[in-house]
Amino acid sequence: MSDSKETLATATPTGNPTQRPVMNKRATRKEDGRSLIYYSFGDRPADEARSENDLAAADEKKV
Amino acid sequence: MSEMRWNPILSEWVVTATHRQDRTFLPPAGYCPLCPTAAGGFPTEVPEADYDFVVFDNKFPSLKIDAGQPSIEGNDLYPVRPSQGICEVVLYSSNHTGTLTDLSTKKIQELVRVWRDRYEELGSHKDIDYVFIFENKGEAIGVTIHHPHGQIYAFSYLPPKIMRELTSEKEHLERTGRCLHCDIVQGEIKEAQRIVAQSDHFIAFIPFYARYPYEVHIYAKAHRGSLSDFSPGEENDLGTLLHKVLKKYDGLWNISMPYMMVMHQKPTDGKDWPGCHFHIEFYPPLRTPQKLKYLAGCESGAGTFVNDTLPEEKAGELRAVKI
């Protein structure tokens with residue numbers, strides 16, 4: 001290991017080579033400037049999942 | 001007002017955070033600030049409900065990255081410094097009820113990945129030397145909001161308990177050429193009597209030197225310094241064993257076991273810490289379903305814990321819990 005912060009995210013993992021699931025991360029800011037990060041897992045990005053839910057909600061309202 | 005004041009007797013910093021006196025305290029049903037904002041309802045911390053996990057800056061932080069100047073001037077005897085750092089809240093679910101134990105094993109495995117992401121992102125900040133991930137669960141611990149959540153404190157320095165642990169690791173490594181924690185894990189595997197559960201890559205046991213009756217530690221069996229060192233399979237394995245331990249806790253007396261859960265891993269100060277070994281420590285305050293283990297005079301005043309129980313017996317109790 002070198003003496004650098006850059007190595008933090010690049011440590012070589014060993015062991016079971018199982019693939020990681022897709023982790024979607026959407027960072028936003030609150031009105032007061034604080035950070036707010038949404039995490040979702042799966043094949044769809046968080047934005048896509050949200051827009052589909054919005055569409056579903058809109059459909060429900062139409063009914 | 002928030003600042004860090006030096007205690008010259010114990011050689012450690014104390015954080016003052018007077019604004020936290022006004023933080024939310026056990027809000028009534030329907031007024032949880034961590035629930036998603038309801039249509040027409042009051043604005044909460046989280047506008048949306050469609051997520052697996054949410055992380056946000058604590059509204060009442062003990063530490064801030066842009067911490068203001070101390071409210072009082074320091075001197076040689078009493079140095080002061082800005083209480084610099086980052087405090088985050090990690091929501092496990094948009095559902096107000098339930099606990100970490102109630103999540104699926106798959107979701108806890110995903111939470112491990114969120115923890116890793118936070119460790120790496122916060123740790124990459126130039127002013128952050130230590131990323132401390134933890135959860136306080138239950139009113140017995142002092143929880144003020146029941147919505148299932150954990151916390152992260154990113155420190156601009158190495159906290160005293162961490163520093164003490166790092167010093168012991170360094171001394172052991174220099175003396176034996178081996179990792180202190182690896183030796184502990186190998187010893188526990190060999191003795192077996194304090195093991196609570198284990199998997200391919202992780203082991204849960206009540207340590208020989210436990211201070212609380214049901215103090216379980218979860219260790220990576222191989223030498224891993226931090227969450228960043230885990231393979232995808234190891235991350236899954238950690239989530240699986242963590243879930244098993246949580247279920248054993250709740251199954252012990254069929255109550256939702258209160259606890260403090262803390263993670264110890266490699267500092268993010270850019271230095272090499274070869275003796276550091278990732279592990280999770282649980283400190284449940286109960287010694288029976290009705291009796292608390294108090295941090296009383298001897299513990300608080302002398303720093304010596306008195307454990308009324310034997311780790312070997314308590315590990316056997318947890319091991320026997322069917323889940």
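First the proteins, then the strands, lettered A, B, ... as listed; each starts at 1.
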Is the closest side-chain heavy-atom distance between V54(B) and I37(A) below 4.5 Å?
-> no
Kindly indicate whether the side chain of V46(B), heavy atoms from C-beta on, has any atom under 4.5 Å from the side chain of Y38(A).
-> yes
Could you walk me through whether D57(B) and S35(A) pass the side chain to side chain donor-acceptor pair (under 3.5 Å) check?
-> CA-CA 6 Å; D57(B) 287 331; S35(A) 74; 3.3 Å; yes
Using non-hydrogen atoms only, which part of P274(B) is less than 4.5 Å away from chain A: side chain, backbone, both, or neither?
-> neither
Heavy-atom check, side chain of R113(B) versus side chain of R20(A), under 4.5 Å = yes
Salt bridge between K25(A) and E121(B), side-chain N to carboxylate O under 4.0 Å?
-> yes
d(F56(B) CZ, T28(A) OG1) to nearest 0.5 Å is 11.5 Å
Between chain A and each of E110(B), Q109(B), E235(B), E88(B), count heavy-atom pairs under 4.5 Å; write down the option with the most.
-> E110(B)
Inspect the surroundings of NZ in K64(B) and state if more than 12 heavy atoms from other residues, nucleotides or ligands are less than 6.0 Å away.
-> no
Where does the angle between the aromatic ring planes of F41(A) and F53(B) fall among parallel (under 30°), tilted (30 to 60°) and perpendicular (over 60°)?
-> perpendicular
Min side-chain heavy-atom separation S40(A)-D50(B) under 4.5 Å | no
When you check the side-chain N and O atoms of Y39(A) and D117(B), is any donor under 3.5 Å from an acceptor?
-> yes
Where does K59(B) contact chain A at under 4.5 Å (heavy atoms): side chain, backbone, both or neither?
-> both
Just wondering, are more than 12 heavy atoms of other shown residues or ligands nearer than 6.0 Å to NZ in K30(A)?
-> yes
Look at R26(A) together with E48(B) and state whether they make a salt bridge at an N to O cut-off of under 4.0 Å.
-> yes
